[in-house]
Amino acid sequence: MATTITITGAGGQIGYALLFRIAAGDMLGAREKVRLRLLEIPQGLASAEGAALELQDGAFDLLEHVEVTDDPAVAFDGCNIALLVGARPRGPGMERGDLLAANAGIFGPQGAAIAAHAASDVRISVVGNPANTNALITANAAEGVPADRFTALTRLDENRARAQLALALEAPVSGIRHVAIWGNHSATQFPDVSHATVDGYPVVEALAERVGHVPTWLEQTFIPGVAKRGAEIIEVRGSSSVASAANATIDHVRDWVHGTDWTSAGVVSHGEYGVPDGLVCSFPVRSVDGRWEIIEGLEWDAWARQRVDASVAELVDERETVRSLGML
Ligand code: NAX
């Protein structure tokens, strides 16, 4: 049986970068057939339909079916994997509350449609920003779907962090492991190298031989470099991250389905590391038997604790804003 994958915002940039890699088997493997459901708003339908024509022209062996729709009930019918990419961007003069409210108006109904129509094993990955709080809203609206099925993408942040360390250490990125992203997918996130290794050797010790005073480098170069990489891409490229975001989405789902002993993802907190219950917060996670588990018992110093607390405070604030608007 094929896996049914719903991609919202499929007519947008990330959607275009995702579809062909999914059809080629990069996400679920070279033996798993896929059925794609492309959800768009009416203004985006033509672009999604064009992508569907190109998918036909790819003659992908694994691609069983493509459907384009603007109806969430059709898009999520029988869905096993939902990639929620389409979101409302911040427009001119829009306050943060307006942005959260506009997205609650998208992700709430999509959560309800997932609960009503998706397959019982559905897994949801929210890419559209603000990703963590959008995932929270989706989970809240999807009555009956277990909370552990909802995630927000922070894998792009982790990939960026590993790449920056590889550059600083002049080491292959494949040797850099156990980097963690904590908190919100925003400028407050905490990319944490305290448990990271390069070829099995502590990254912090390797950095000391390269960058001088490691805490200064982390504070002034590494953390802002990772957290603001999206803005750097916009400045250099003239457009936001697309292929790297699609790549991270594929990494995230592949590891969720096939397993990994360490990555980072926004998942629903049960109070781990003092993060308030119910928030969708990025943690270091492993995937075992198709389920994410938060990696517990990691030790932090006071500086790291304060960094995580600041990002978690932002998530609490976003949740309060959405609640005060009556949308949660
Ligand atoms: P685009 O503007 O190119 O595409 C978004 C698409 O979503 C549009 O085609 C639009 O018509 C559609 N859409 C809007 N509302 C919809 C709805 N209710 N149902 C279905 N489709 C809807 O943006 P793109 O560059 O593809 O980025 C998509 C989202 O990813 C943005 O919110 C962006 O901020 C976010 N990102 C998240 C990242 C992450 O790591 N979590 C990194 C990359 C990216 O910034």
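Start at 1 with the first residue, then count along the sequence. We count ligands from 1, going down the list as the structure has it; atoms in each ligand are counted the same way. Computed from a predicted model, the values in this text were never measured in an experiment.
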Would the distance check show the side chain of [X] and the main-chain N or O of [Y] forming a donor-acceptor pair, the cut-off being under 3.5 Å?
{"X": "D192", "Y": "S194", "answer": "yes"}
{"X": "W256", "Y": "G290", "answer": "yes"}
{"X": "R37", "Y": "A82", "answer": "no"}
{"X": "T154", "Y": "S282", "answer": "no"}

Is at least one protein non-hydrogen atom found at under 4.0 angstrom from atom 23 (O) of ligand 1?
->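 Flag for atom 23 (O) of ligand 1 set to false, no protein heavy atom closer than 4.0 Å.
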
Does atom 2 (O) of ligand 1 have a protein heavy-atom neighbour under 4.0 Å away?
->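 No, there is no protein heavy atom closer to it than 4.0 Å.
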
Does any N or O atom in [X] lie less than 3.5 angstrom from one in ligand 1, N or O only?
{"X": "E40", "answer": "yes"}
{"X": "G128", "answer": "no"}
{"X": "V127", "answer": "yes"}
{"X": "T8", "answer": "no"}
{"X": "Q13", "answer": "yes"}
{"X": "G9", "answer": "yes"}

Using the six-membered ring wherever Trp is involved, compare the ring planes of H252 and W292 and label them parallel, tilted or perpendicular (cut-offs 30° and 60°).
->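 Tilted: the ring planes of H252 and W292 meet at 30° to 60°.
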
Plane angle bin for W300 and Y273 - parallel if under 30°, tilted between 30 and 60°, otherwise perpendicular =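 Judged by the thresholds at 30° and 60°, the geometry between Y273 and W300 is tilted.
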
For ligand 1, which atoms have a heavy atom of [X] less than 4.0 angstrom away?
{"X": "L39", "answer": "20 (C), 21 (N)"}
{"X": "V85", "answer": "28 (C), 29 (C)"}
{"X": "Q110", "answer": "17 (C), 18 (N), 19 (N)"}
{"X": "G11", "answer": "9 (O)"}
{"X": "A245", "answer": "42 (C), 43 (C)"}

Is [X] touching ligand 1 with its side chain, its backbone, both, or neither, if touching means heavy atoms under 4.0 Å apart?
{"X": "R88", "answer": "neither"}
{"X": "H185", "answer": "side chain"}
{"X": "L156", "answer": "side chain"}
{"X": "I106", "answer": "side chain"}

Applying the 4.5 Å side-chain criterion to the ILVMFWY set and letting contacts propagate, would V122 and I5 be lumped into a single cluster?
->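 No; I5 is not reachable from V122 via cluster members.
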
E318 with R96: basic N within carboxylate O range, under 4.0 Å |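 Yes, this pair counts.
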
Identify, for [atom], the protein heavy atom at the shortest distance, and state residue, atom and that distance.
{"atom": "atom 33 (C) of ligand 1", "result": "N129 ND2, 3.7 Å"}
{"atom": "atom 5 (C) of ligand 1", "result": "G12 CA, 4.2 Å"}
{"atom": "atom 17 (C) of ligand 1", "result": "I41 CG2, 3.5 Å"}
{"atom": "atom 26 (O) of ligand 1", "result": "I14 N, 2.9 Å"}

CG of D77 to NE2 of H117: how many Å apart, nearest 0.5 Å?
->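 Between D77 CG and H117 NE2, I get 7.5 Å after rounding to 0.5 Å.
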
Work out whether the distance between some heavy atom of P89 and some atom of ligand 1 is less than 4.0 Å.
->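 So P89 does not count as touching ligand 1.
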
Carefully, step by step, assess L63 and L55 under the rule side chain to side chain contact (heavy atoms under 4.5 Å, CB included).
-> CA-CA 8 Å; L63 184 57; L55 280 165; 3.9 Å; yes

Side-chain contact test, heavy atoms from C-beta onward, threshold under 4.5 Å: evaluate it for T151 versus V268 and give yes or no.
->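 They are not in side-chain contact.
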
